[in-house]
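Computed from a predicted structure; not experimentally measured.
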Amino acid sequence: MGGNSEYKPPPLGIVPYDGALVIATSEEDMEELLQALQRKVICVCEKIVSDAVTRDHVDKALSFLNLQPQTIMVIAWKATLSKETEEYAAEQSCSIISYGGEKSAKDMASLTMDHYVKRNKALKPTWVTWKQIPGRSCELTVWHKLTSKAVGLLKKDSCTHIVSLLGEKEKPELTQAACEKYEIEWIWVKIQGAKDETLISHAAQLREGIEKVLLLFDTPARILIHCSAGVHRTGTFTYSLLRRAGFTDEEAQELLYQIRPVTARQVGQNRIEIAKEHIIC
């Protein structure tokens, strides 16, 4: 994955769906808890100051479900939780992470992440999601680094083209060989990493790759775009591609989310801004 070696969490914000409902008993506790959740990159849809967790809170949390049930939960710090509400949440398959003052905000965030990791392992998609591009003939998906076996599975999926956003150190020739073996067209965009300066200096290469893929949009092609982790380079390229195909900023980000939520949410606003300024021309 590209980016700086020193981890910097994304700006604190509220997402419209696929996130948690956070409850705390005071504004001060809420701020502390949200900061701790941010450091764990836990997505939050709404925050409520309340002394107790209620059935209405459970229903509100469930209303945030879009594509990722593993993200749907109530995170309650120092608020009371009745047995009745706990049982109701269990019946509705809504997770509740609830502790009193014996746990710190940092503890709450760690416990929430532990719970999310277990749920995510059980529920996350284990393979690509093909998306028909609205108004166009092709289908698109994104993924992380591919093995030869994965390329074989893509062939069974009727994949026609693979776009690799890789540097020479990442052995792109292995993907090339697998594509030749399974008779899938291979497009290589040579780029190592996704630091801001790297994306800017490689804008011409990225644009050239985008133009090649755009030629396929009015054909019955099935196109997979990938890098190493399937997040930074892949997200930047795919967002730029969709914008060049005529979609608005909001439409492009929503399409990317439907294809692979983790890519859409972790590509980083800095890379979206670089795409707008340097790549989408």
Side-chain angles (χ1 to χ4, degrees), residues 1-3 67-68 70 120-134 136-194 198-199 202 205-242 244-245 252 255-267 271 275 279:
M1 187 182 297
L67 296 175
Q68 299 188 89
Q70 61 269 41
N120 191 52
K121 186 176 181 180
L123 297 172
K124 75 174 182 179
T126 56
W127 191 231
V128 301
T129 299
W130 291 101
K131 177 67 180 179
Q132 176 75 47
I133 302 303
R136 311 305 281 265
S137 302
C138 71
E139 291 180 72
L140 192 66
T141 194
V142 304
W143 202 238
H144 46 66
K145 195 167 184 179
L146 298 169
T147 62
S148 180
K149 180 180 179 181
V151 175
L153 292 174
L154 287 168
K155 179 65 175 180
K156 292 180 180 179
D157 266 1
S158 301
C159 176
T160 60
H161 295 77
I162 290 176
V163 181
S164 297
L165 302 153
L166 298 171
E168 289 183 341
K169 294 179 181 179
E170 295 170 296
K171 299 182 178 179
E173 66 274 8
L174 298 180
T175 305
Q176 179 185 23
C179 287
E180 290 175 354
K181 176 181 179 180
Y182 292 105
E183 299 181 323
I184 296 175
E185 292 293 322
W186 185 59
I187 298 173
W188 180 28
V189 179
K190 184 179 176 182
I191 180 170
Q192 184 81 44
T198 301
L199 293 172
H202 286 71
Q205 292 96 315
L206 292 166
R207 284 195 297 270
E208 182 181 350
I210 287 167
E211 293 306 313
K212 289 179 180 179
V213 179
L214 278 175
L215 294 174
L216 304 170
F217 264 42
D218 291 318
T219 74
R222 289 194 120 193
I223 309 157
L224 179 139
I225 300 165
H226 81 99
C227 56
S228 184
V231 177
H232 293 162
R233 284 170 285 181
T234 296
T236 304
F237 184 93
T238 306
Y239 169 82
S240 302
L241 171 67
L242 292 170
R244 286 285 292 115
L255 279 170
L256 182 56
Y257 187 84
Q258 291 174 20
I259 295 169
R260 192 169 187 242
V262 67
T263 301
R265 283 199 167 161
Q266 295 185 20
V267 58
R271 295 180 184 85
I279 303 171

Take I187 and I162 through the side chain to side chain contact (heavy atoms under 4.5 Å, CB included) test and state the conclusion after the steps. CA-CA 6 Å; I187 298 173; I162 290 176; over 6 Å; no

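- Interatomic distance, CG of L154 versus NE2 of H226, reported as 9.0 Å (0.5 Å rounding).
- Rounded to the nearest 0.5 angstrom, L146 CG and C179 SG are separated by 7.5 Å.
- The two residues E170 and G167 have their closest heavy-atom pair at OE1-N, 2.7 Å.
- Applying the salt bridge (charged side-chain N to carboxylate O under 4.0 Å, His left out) test to pairs two or more places apart or on separate chains, those with a residue in residues 137-158 are E139-R222.
- In this structure, W143 and L224 approach most closely via the heavy-atom pair CB-CD1, 3.9 Å.
- The heavy-atom pair separating S240 from A275 by the smallest distance is OG-CB, 3.2 Å.
- Legend: residues meeting salt bridge (charged side-chain N to carboxylate O under 4.0 Å, His left out) with K181, ordered by chain and number and at least two apart, are absent.
- Without hydrogens or angle criteria, T263 side chain to V231 main chain gives no donor-acceptor distance under 3.5 Å.
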Determine, stepwise, if the pair T236 / I279 fulfils side chain to side chain contact (heavy atoms under 4.5 Å, CB included). CA-CA 9 Å; T236 304; I279 303 171; 3.9 Å; yes

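- The number of heavy atoms from other shown groups lying within 6.0 Å of CD (E185) does not exceed 12.
- Looking only at distances, no side-chain donor or acceptor of R265 sits under 3.5 Å from a matching main-chain atom of P261.
- Checked options V142, L256, I259; the residue passing with K131 is I259 (criterion: side-chain contact (heavy atoms from CB on, under 4.5 Å)).
- Of the inter-residue distances, the one linking W127 atom CH2 with L153 atom CG reads 5.0 Å to the nearest 0.5 angstrom.
- A donor-acceptor distance shorter than 3.5 angstrom exists from the side chain of T219 to the backbone of L216, with no hydrogens or angles considered.
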Stepwise side chain to side chain contact (heavy atoms under 4.5 Å, CB included) test for W188 and Q176: CA-CA 8 Å; W188 180 28; Q176 179 185 23; over 6 Å; no

Take L241 and R244 through the test side chain to side chain contact (heavy atoms under 4.5 Å, CB included) and record every step on the way to the result. CA-CA 5 Å; L241 171 67; R244 286 285 292 115; 5.7 Å; no

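- Separating the OG1 atom in T198 from the CZ atom in R271 is a distance of 9.5 Å, to the nearest 0.5 Å.
- Note that the OG atom of S228 and the NZ atom of K169 stand 13.5 Å from one another [nearest 0.5 Å].
- With hydrogens and angles left out, the side-chain atoms of W186 and S164 include a donor and acceptor closer than 3.5 Å.
- Under the 4.5 Å side-chain criterion, counting only non-hydrogen atoms from C-beta, C159 is not in contact with Y182.
- Using a distance-only test at 3.5 Å, with no hydrogens or angles considered, no donor-acceptor pair links the side chain of H232 to the main chain of C227.
- Between the side chain of T141 and the backbone N or O of T129 there is at least one donor-acceptor pair closer than 3.5 Å.
- F237 and L206 make their closest contact through CE1-O, 3.7 Å (heavy atoms, listed as atom of the first residue, atom of the second, distance).
- Looking at R233, its side chain does come within 3.5 Å of a backbone N or O of I191 through a donor-acceptor pair.
- With hydrogens and angles disregarded, a donor-acceptor distance shorter than 3.5 Å links the side chain of Q132 to the backbone of C138.
- Checking side-chain atoms of R136 against main-chain N and O of A245 turns up a donor-acceptor pair under 3.5 Å.
- Minimum interatomic distance between R260 and A229 (heavy atoms only, all atoms of both residues): NH1-O, 3.5 Å.
- Looking at Q205 and K190, their side chains never come closer than 4.5 Å, going by heavy atoms from C-beta outward.
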